[in-house]
Amino acid sequence: MRLTAEEKATFKRDGVLIRRGLADPDQVKRAVSLIDVSYRKEMTPDDISAYSRRTFAPELGDSAELLTLYTETGAAELVGDLLGAAAPVTTAQIQIRVPESEFPGMQPEKAMHVDGVSCPHLDPRELRTFSLLVGVILSDVSDPRCGALHYLPGGHLAMARWFAEEWPLGMTEQVPPEIDRERGTPFLGLPGDVLLMHHLVPHTVAQNFMPFPRVMAYFRVSHPHHAGHRLQALRDPWLDYPPLADIPAPTSQE
């Protein structure tokens with residue numbers, strides 16, 4: 001269950017690890033049933049834009065059934081292997097990519113970005129960063145046309161250099177031009193698969209051209225000291241990752 005030295009080295013190189021089937025079917029089923037009620041009965045088309053920036057089903061953010069996807073699947077233990085220690089996670093973010101056939105034009109493709117930095121809807125001097133993103137698939141995401149998250153392997157290292165050498169606090173650009181042109185690798189999988197992604201890995205989200213919603217649960221995890229050195233953590237990708245200090249990264253793709 002815990003991360004191997006090889007997995008840690010892969011994370012250091014790519015900024016991403018995927019564990020298949022980490023959440024069991026019963027855990028997924030309980031979470032999906034709650035989200036489906038909110039999606040079908042509570043959400044209106046006018047909510048989609050705001051929910052896409054923050055969270056769908058906001059009333060479920062602190063639901064025990066959703067938080068167990070982090071606390072009782074082994075995900076929290078894997079986080080400990082990367083960060084050493086983590087601040088308590090008390091909120092789940094639900095992100096749904098709605099079908100274009102049902103809500104045309106309501107969710108355009110997101111630009112390549114790093115969460116919490118130069119957000120278009122926030123003051124660009126405000127940082128809402130964290131250390132590690134944990135994502136749990138709650139619907140079939142085996143086809144990239146269903147609105148998959150796309151991430152750039154190794155992009156955390158390029159972003160750290162950019163933040164250190166070119167990016168001043170208050171700058172409105174979220175990523176450098178060469179990364180903005182990238183499409184990234186789609187995170188594909190089945191319900192219960194879990195993504196662990198370094199906060200600095202740039203990513204985008206595609207439109208959903210399948211006839212059903214794409215549903216993900218996300219948990220934003222911070223090292224206990226992260227809030228006191230947010231700007232420094234943008235420039236030093238391993239500041240929040242003490243257990244990886246002595247782990248050499250692989251030099252080539254496997």
Side-chain angles (χ1 to χ4, degrees), residues 11-17 50-55 58 61-62 67 70 75-76 78-95 110-136 149-176 179-180 182 184 187 194-205 216-245:
F11 181 87
K12 200 163 186 179
R13 180 193 68 201
D14 295 343
V16 171
L17 276 178
Y51 285 0
S52 298
R53 291 194 302 268
R54 295 178 176 85
T55 182
D62 60 355
L67 291 173
Y70 175 76
L78 301 183
V79 167
D81 286 344
L82 295 172
L83 301 182
V89 172
T90 59
T91 304
Q93 180 195 34
I94 305 303
Q95 272 302 320
K110 289 189 176 182
M112 191 69 76
H113 65 283
V114 167
D115 289 334
V117 179
S118 300
C119 298
H121 55 284
L122 298 175
D123 185 325
R125 294 167 296 181
E126 181 179 359
L127 295 178
R128 294 192 182 182
T129 56
F130 49 94
S131 305
L132 179 71
L133 183 70
V134 177
V136 184
L149 175 93
H150 288 66
Y151 60 88
L152 188 61
H156 57 309
L157 303 176
M159 289 301 303
R161 288 192 296 270
W162 186 66
F163 283 128
E165 298 171 5
E166 301 182 45
W167 182 90
L169 185 64
M171 185 174 178
T172 56
E173 284 79 3
Q174 294 182 286
V175 297
I179 287 180
D180 192 42
E182 295 283 351
F187 173 42
V194 172
L195 170 79
L196 297 113
M197 188 170 79
H198 194 295
H199 167 260
L200 286 175
V201 172
H203 54 281
T204 181
V205 189
M216 294 279 300
Y218 288 111
F219 303 93
R220 285 163 163 73
V221 188
S222 293
H223 185 278
H225 298 155
H226 179 79
H229 57 222
R230 293 181 192 273
L231 188 58
Q232 189 179 356
L234 290 177
R235 298 165 176 170
D236 178 356
W238 307 119
L239 185 62
D240 287 346
Y241 291 80
L244 301 188

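Model, not experiment: these values are computed from the prediction.
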Peer 1: Working to the nearest 0.5 angstrom, can you tell me the gap between Trp162 CH2 and Ile179 CD1?
Peer 2: 8.5 Å
Peer 1: Check Leu83 against Ser131 and note the closest heavy-atom contact, atom names and distance.
Peer 2: CD2-CB, 4.0 Å
Peer 1: Taking all non-hydrogen atoms of both residues into account, name the closest pair between Lys110 and His113 and its distance.
Peer 2: CD-CE1, 4.3 Å
Peer 1: So how far is it from Phe130 CZ to Asp115 CG, rounded to the nearest 0.5 Å?
Peer 2: 4.0 Å
Peer 1: May I have all residue pairs that pass salt bridge (charged side-chain N to carboxylate O under 4.0 Å, His left out) and include part of residues 155-175, sequence neighbours excluded?
Peer 2: none
Peer 1: Taking salt bridge (charged side-chain N to carboxylate O under 4.0 Å, His left out) as the definition, give me every residue that meets it alongside Arg128, ordered by chain and number, with sequence neighbours left out.
Peer 2: Glu126
Peer 1: Ignoring hydrogens and geometry, is there a side-chain-to-backbone donor-acceptor pair from Thr55 to Ile94 under 3.5 Å?
Peer 2: yes
Peer 1: Where does the angle between the aromatic ring planes of His198 and Trp238 fall among parallel (under 30°), tilted (30 to 60°) and perpendicular (over 60°)?
Peer 2: perpendicular
Peer 1: Heavy atoms only: give me the nearest Leu149-His203 pair and the separation to one decimal.
Peer 2: CD1-CD2, 3.7 Å
Peer 1: Holding to side chain to side chain donor-acceptor pair (under 3.5 Å), I want the full list of residues that pass it with His226, two or more places apart in sequence or in another chain.
Peer 2: Thr129, Asp240
Peer 1: Just by distance, do the side chain of His223 and the backbone of Tyr241 share a donor-acceptor pair under 3.5 Å?
Peer 2: no
Peer 1: According to the side-chain hydrogen bond (donor to acceptor under 3.5 Å, both in side chains) rule, which pairs have a member within residues 85-95, sequence neighbours left out?
Peer 2: Gln93-Arg220
Peer 1: Without swapping roles, check the side chain of Ser118 against the backbone of Met171 for a donor-acceptor pair under 3.5 Å.
Peer 2: yes
Peer 1: Which pair of heavy atoms, one from Val79 and one from Leu132, lies closest together, and at what distance?
Peer 2: CG2-CD2, 3.6 Å
Peer 1: For residues Val16 and Phe11, report the shortest heavy-atom separation together with the two atoms involved.
Peer 2: N-CD1, 3.7 Å
Peer 1: Measuring from His229:NE2 to Leu239:CG, what's the distance to the nearest 0.5 Å?
Peer 2: 4.0 Å
Peer 1: As an exercise, state the distance from OG1 of Thr172 to CZ of Arg125, rounded to the nearest 0.5 Å.
Peer 2: 12.5 Å
Peer 1: Run the ring-ring contact (aromatic ring centres under 6.0 Å, His included) test against Phe219 and tell me which residues pass, sequence neighbours left out.
Peer 2: Tyr70
Peer 1: Please examine the side chains of Val221 and Leu196, heavy atoms only from C-beta on, and report whether any two atoms are closer than 4.5 Å.
Peer 2: no
Peer 1: Under 3.5 Å, is there a donor-acceptor pair between the side chain of His199 and the main chain of His156?
Peer 2: no
Peer 1: Taking all non-hydrogen atoms of both residues into account, name the closest pair between Ala160 and Leu200 and its distance.
Peer 2: CB-CD1, 4.1 Å
Peer 1: Among Met159, Gln174, Glu182, which residue satisfies the side-chain contact (heavy atoms from CB on, under 4.5 Å) criterion with Pro202?
Peer 2: Met159
Peer 1: With heavy-atom distances below 4.5 Å as the criterion, would you say the side chains of Asp81 and Pro243 are in contact?
Peer 2: no
Peer 1: If you measure from CG on Leu17 to CG on Leu82, what distance do you get to the nearest 0.5 Å?
Peer 2: 6.5 Å
Peer 1: Considering residues at least two apart in sequence or located in another chain, which fulfil the salt bridge (charged side-chain N to carboxylate O under 4.0 Å, His left out) criterion with Asp62?
Peer 2: none
